[in-house]
Amino acid sequence: MKVDYQKSLNPAQLEAVMTLNGPVLVIAGAGSGKTRTLVYRVARLIEHGVSPENILLLTFTRKASGEMLERAAGLADERCRFVSGGTFHSLSHQVLRSRADLIGFDRSFTILDRPDMEEIIQSIVKEMDIVRASIRFPRRSTIASILSKAVNLEQNIEALMRDEFSQFLEYIRDIQRIDVLYKNYKRSNQLMDYDDLLIFCRKILAENEHVRKELSDTYQYVMVDEYQDTNGIQADIVKWLATERQNVMVVGDDSQSIYSFRGANYRNMFDFPIMFPETKIIKLEENYRSTQPILTFTNSLMDQAQEKYTKCLFTKRKGGIRPKVVNVKTDPGQAKFISRTILGLLNEGKSLKDMAVLFRAAYHSYELELELTRQAVPFVKYGGFKFMESAHIKDLIAHMRILFNRNDAVSWGRVLRLINNIGQKKSSNIIKWMQKSGVQPWQVGEWPGAGKDSQGLKALGDLLRQLTDENMKPERALELANKYYDPILRERFDDFPKRQKGLEQLINMASRKRKLKAFLDELMLDPPSSNADVSPLENDSYLTLSTVHSAKGLEWPVVFVIWVMEGYFPSSKSRSSLQAIEEERRLMYVAATRAKDKLILCYPGQEELPIWQLAEMGYISGLSSFIQSLHPEVMDHSSLDNNILNNNFSNFSIRKKQPRVIVNTAPFKESSVNSSGLKQGDRVKHPAFGMGVISKFLDKEKVEVLFRDAGRKLLHLEYTTLDKV
DNA sequence: CATCACGCTGTTTTT
DNA sequence: CAGCGTGATG
């Protein structure tokens with residue numbers, strides 16, 4: 001098939017597609033045909049005689065690369081399917097599986113996911129003597145994110161904590177010790193977490209010329225999608241891969257960088273030309289997705305960004321309506337408003353699959369999900385809940401993992417504790433015994449300390465012996481383990497029928513695989529993101545609910561955005577707060593640019609005041625920094641339909657309970673403290689943040705107050721009064 | 001030593 | 001609303 005590039009592409013896209021050699025940076029606004037450009041370039045390379053295996057397409061998710069190659073195949077040539085593609089993590093994994101010895105690891109190392117990491121951290125914390133300071137010790141998930149972020153930002157723990165986790169500085173020594181112990185633990189047990197995959201891959205590339213040579217011979221043309229979402233380590237990996245031949249194209253959009261929590265740094269895009277001085281820069285600014293009013297809104301949103309790289313989206317599409325902002329007052333009000341508007345659109349002949357509801361965090365849609373169920377509107381939700389992370393799935397998988405890495409103490413512990421009467425203590429004794437005596441996994445039943453539990457241990461041993469058969473099909477292995485696990489499942493979970501279905505789906509997924517080990521690795525690196533991935537609805541028309549993160553790269557004619565404004569405070573001068581606002585802005589940008597024709601923003605405002613007025617008073621934040629873009633010339637501030645409002649919501653609580661946070665409130669004169677008789681533990685009322693409790697006096701000017709109704713960032717306020725309650 | 005019931009705390013996003 | 005620590009019970 002001959003591809004007509006001239007006809008299918010605009011001049012900028014054409015240039016990107018036709019430039020095959022040398023480094024290229026494509027700055028591509030939302031909806032500017034970024035994927036299209038990559039697809040055509042793959043087709044062009046192959047047409048030009050490059051062999052598909054010599055092309056590497058790095059994307060953010062494996063699904064994205066699959067879809068892209070599928071499209072390329074449909075467009076040009078079946079051979080496009082053989083292009084090497086995947087995520088940075090899967091590439092790193094591939095590199096490491098065959099070369100782990102270069103960094104002193106066994107090739108059979110096990111990959112840890114986040115819950116595994118947290119479990120190890122917890123066991124480390126348990127063994128340490130921690131002196132309790134004035135605040136609670138950070139929870140394991142917080143510790144995990146500190147350690148992980150330090151790796152991804154390539155910062156030391158101290159600097160990172162000063163910057164972003166200042167509330168836990170009291171425990172800095174402990175965290176640093178946990179860091180060391182955690183690293184040692186991983187090494188001695190042949191374990192690697194997600195961050196290690198990247199770190200070690202880079203290390204191997206940096207230190208071994210022959211590996212670099214080998215890889216750049218294989219991957220002669222490298223393309224990276226969503227480059228704004230890469231972190232420094234990933235950028236280095238790109239550098240090492242491409243340094244020899246310099247045939248590398250990266251594509252990205254700085255205003256869509258929403259993974260900074262993971263160390264992503266959109267500045268990588270602008271460092272790219274420094275890394276590769278010959279770089280040709282191409283900008284894609286014509287938008288093929290949205291109407292002009294939507295683009296006017298999103299452009300004005302980015303106009304106010306602290307840091308941006310000029311790029312102005314335009315479209316040749318005529319007409320369109322202004323995006324709407326609706327104060328839905330309460331969560332139930334919001335649910336009713338959205339579901340009724342959707343029903344209205346259905347009456348007009350629109351289809352459910354043309355609509356999506358987007359939000360920042362998975363729990364923001366809970367209320368809506370209930371309402372949609374009541375109204376019998378079918379929907380699929382993406383993001384948030386992870387199939388792989390549910391306990392029953394992890395339990396079953398753990399039985400397999402211990403066979404491939406018998407040092408995997410995390411999985412051993414999991415498996416052993418499923419047996420009645422075996423808990424923390426006994427399981428760790430058994431693991432110690434097995435490591436010391438060097439018995440085979442299936443000999444676990446021979447543990448000398450066994451009493452009542454010997455039956456259970458024997459049964460486990462029998463299962464493991466069966467599973468050890470090298471040639472066993474993944475499906476069969478999972479079935480055997482499932483048979484063993486089923487009684488445990490029934491006993492432990494009230495909702496076991498649902499979970500049994502999940503396990504069946506897992507077994508079903510395995511039926512398509514040949515190698516068990518490969519299947520397990522794939523589950524860790526490319527886990528099904530939600531129930532949606534595992535069991536797509538039969539019904540072909542359903543509404544999409546999705547986190548903004550999971551909606552990246554997708555589009556719908558009608559998009560609702562649920563915008564919950566908790567959490568960020570512009571009055572704070574701290575860097576992290578400013579950063580948070582900039583991140584929120586980009587998040588809103590990504591959400592809004594998903595819409596083709598109609599964009600409706602909902603916010604549950606608690607007051608009768610217009611939103612910008614609240615923001616200017618300093619009550620709400622987040623949105624306040626880009627509030628001007630919501631002014632009438634770009635936004636339609638319609639009020640809520642009275643029909644919807646009149647369904648008395650008065651018996652509902654206004655909003656869910658908000659997080660408790662630490663807030664510095666100033667100034668607080670010593671005399672006023674004394675004269676008002678305030679002391680630690682007193683309840684106080686703050687005009688904007690509601691009820692709080694005085695936690696301690698910092699100095700003459702400052703008192704630290706715990707508020708229930710604020711966000712979670714450290715905040716410095718100018719208010720002079722706190723009313724004692 | 002395992003397990004259960006209770007009360008307190010702190011809420012994102014993903015490989 | 002779940003995950004954690006704690007204290008009582010088996």
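Residue numbers start from 1 in every chain, and the chains themselves are labelled A, B, ... in the order their sequence lines are given, proteins ahead of strands.
For the pair Arg99(A) and Phe200(A), the cation-pi test (distance below 6.0 Å, angle within 45°) is failed.
Under the stacking definition used here (centres under 5.5 Å, planes under 30°), the residue Tyr259(A) fails to qualify as stacked on the base of dT14(B).
More than 12 heavy atoms of other shown residues, nucleotides or ligands fall within 6.0 angstrom of atom CD in Glu154(A). Summarising the local packing, NZ of Lys239(A) is surrounded by more than 12 heavy atoms from other residues, nucleotides or ligands at distances under 6.0 Å.
When distances run from any side-chain atom of His549(A) to the nucleotides dG3(C), dT13(B), dC1(B), the shortest one goes to dT13(B). Looking at the side chain of Ala361(A), the nearest of the listed nucleotides dT13(B), dT3(B), dT14(B) is dT13(B). Closest contact between the side chain of Lys426(A) and the listed nucleotides dC1(B), dT13(B), dG10(B) involves dC1(B). Nearest nucleotide to the side chain of Arg139(A), out of dT9(B), dT15(B), dT3(B): dT9(B).
For a distance-only test at 3.5 Å, the side chain of Arg262(A) qualifies as a donor-acceptor partner of the base of dT14(B).
Annotation: ring-ring contact (aromatic ring centres under 6.0 Å, His included) contacts of Tyr194(A) (sequence neighbours excluded): His89(A).
Between the C1' atom of dT13(B) and the CZ atom of Arg114(A) lies a distance of 11 Å, rounded to the nearest Å. Look at CD on Gln424(A): it is 13 Å from C1' on dC4(C), rounded to the nearest Å.
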